[in-house]
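I have a structure I would like to understand better, so I am pasting it below and will then ask my questions one at a time.
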Amino acid sequence: GNRFGFDESVLFKIIALSGCSTAHCGMLGGYLSEDEERTKRIVKMLASLNCAGALSCGLHPGLVNYIKRTLGHSNWMANVGGALFSHPNGTLSGVRAMRQAIDGQEGKEYLAAIDKWGLKE
């Protein structure tokens, strides 16, 4: 529950039914890490209503595989900001590192990101 006295899935359903294409629904493994089962349930429900669950709050390349294993390869969106802009070799390297993580490649940008933020298996 929450302090408002209703199940948050009701709010997510209203958001999706109102026509939103994405809805921030928490994070797995970042600095705001939600319960895996809760997040899976909400992402699945949003996807069934043609709305992508957006994850952020600490998303970086070292979390991509963990999230893909937990939620699947589709039906969620990665809101990535800090990991792009604070990559040790600059923003372009941050973008490349995230792309490499998504594609399952271990390029130099990805490895630099893993050195900075770590890898969640």
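Keep in mind it's a predicted model, so treat the numbers as computed, not measured. Heavy-atom basis, side chains included; hydrogens, waters and symmetry copies ignored.
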Exercise for the section: Group every Ile, Leu, Val, Met, Phe, Trp and Tyr by side-chain heavy-atom contacts under 4.5 Å, then state whether Leu84 and Met77 land in the same group. Expected result: no
Practice task
Could you pull out the closest heavy-atom pair between Lys120 and Gly29, with the gap in Å?
Solution key: CD-CA, 4.3 Å
Practice task
Check the hydrophobic clustering (I, L, V, M, F, W, Y; side-chain heavy atoms under 4.5 Å; chains of links allowed) and say if Ile67 and Met45 are grouped together.
Solution key: no
Practice task
Report yes or no: does Asp7 contribute a side-chain atom to a donor-acceptor pair with the main-chain N or O of Ser9 at less than 3.5 Å?
Solution key: yes
Exercise for the section: Any chance you could lay out the side chain to side chain contact (heavy atoms under 4.5 Å, CB included) test for Lys108 and Ser93, step after step, and finish with the verdict? Expected result: CA-CA 9 Å; Lys108 65 181 181 179; Ser93 291; over 6 Å; no
Exercise for the section: Rounded to the nearest 0.5 Å, what's the gap from OG on Ser21 to CG on Leu49? Could you check? Expected result: 13.0 Å
Handout entry: Any side-chain heavy-atom pair of Pro61 and Gln100 under 4.5 Å
Key = no
Exercise for the section: Check whether more than 12 heavy atoms from other residues, nucleotides or ligands sit under 6.0 Å from atom CD of Glu106, and answer yes or no. Expected result: no
Practice task
Evaluate the side-chain proximity of Phe12 to His24: yes if any heavy-atom separation is below 4.5 Å, no if none is.
Solution key: no
Problem - Enclosure of Asp115 CG (heavy-atom neighbours >12, cutoff 6.0 Å) - result: yes
Fill in the blank from the handout: Note: Gly58 and Leu63 closest approach over all heavy atoms is O-CD1, 3.3 Å
Handout entry: Set of residues satisfying side chain to side chain donor-acceptor pair (under 3.5 Å) with respect to Glu121, sequence neighbours excluded
Key = none
Problem - Contact check, side chains of Arg38 and Glu8, non-hydrogen atoms, under 4.5 Å - result: yes
Practice task
Begin with the C-alpha distance, continue with both residues' side-chain angles, and end with the deciding distance and a verdict on side chain to side chain contact (heavy atoms under 4.5 Å, CB included) for Leu55 and Thr39.
Solution key: CA-CA 9 Å; Leu55 304 177; Thr39 305; 4.0 Å; yes
Exercise for the section: Using the side chain to side chain contact (heavy atoms under 4.5 Å, CB included) rule, take Ser86 and Trp117 through it: C-alpha gap first, then chi angles, then the decisive distance, then the call. Expected result: CA-CA 11 Å; Ser86 63; Trp117 291 295; 3.3 Å; yes
Fill in the blank from the handout: Heavy-atom nearest pair, Ile15 first then Ser18, reads O-OG, 2.7 Å
Handout entry: Minimum-distance pair of heavy atoms, taken over all atoms of Pro88 and Lys116
Key = CD-CD, 3.8 Å
Exercise for the section: State, yes or no, whether a side-chain contact exists between Met98 and Tyr110 at a heavy-atom distance under 4.5 Å. Expected result: no
Practice task
Following the transitive rule for hydrophobic clusters with a side-chain heavy-atom cut-off under 4.5 Å over Ile, Leu, Val, Met, Phe, Trp and Tyr, establish whether Leu17 and Ile42 coincide in one cluster.
Solution key: yes
Exercise for the section: Measure across Glu34 and Leu28 and return the closest heavy-atom pair with its distance rounded to 0.1 Å. Expected result: O-CD2, 3.5 Å
Practice task
Calculate, to the nearest 0.5 Å, the distance between atoms CG and CG belonging to Asn75 and Leu46 respectively.
Solution key: 10.0 Å
Fill in the blank from the handout: CZ (Arg96) and CD (Gln105) are apart, to the nearest 0.5 Å, by 12.0 Å
Handout entry: same_hphob_cluster(Val64, Leu71) at 4.5 Å side-chain heavy-atom cutoff
Key = yes
Practice task
Report, as yes or no, whether the 6.0 Å neighbourhood of atom NZ on Lys13 holds more than 12 heavy atoms from other residues, nucleotides or ligands.
Solution key: no
Problem - Heavy-atom closest pair, residues Val43 and Trp76 - result: CG1-CB, 4.3 Å
Practice task
Begin from the C-alpha positions of Leu111 and Glu109 and carry the test side chain to side chain contact (heavy atoms under 4.5 Å, CB included) through to its verdict.
Solution key: CA-CA 5 Å; Leu111 295 174; Glu109 295 87 357; over 6 Å; no
Practice task
May I ask you to decide if Ile102's main-chain N or O and Lys68's side chain share a donor-acceptor pair within less than 3.5 Å?
Solution key: yes
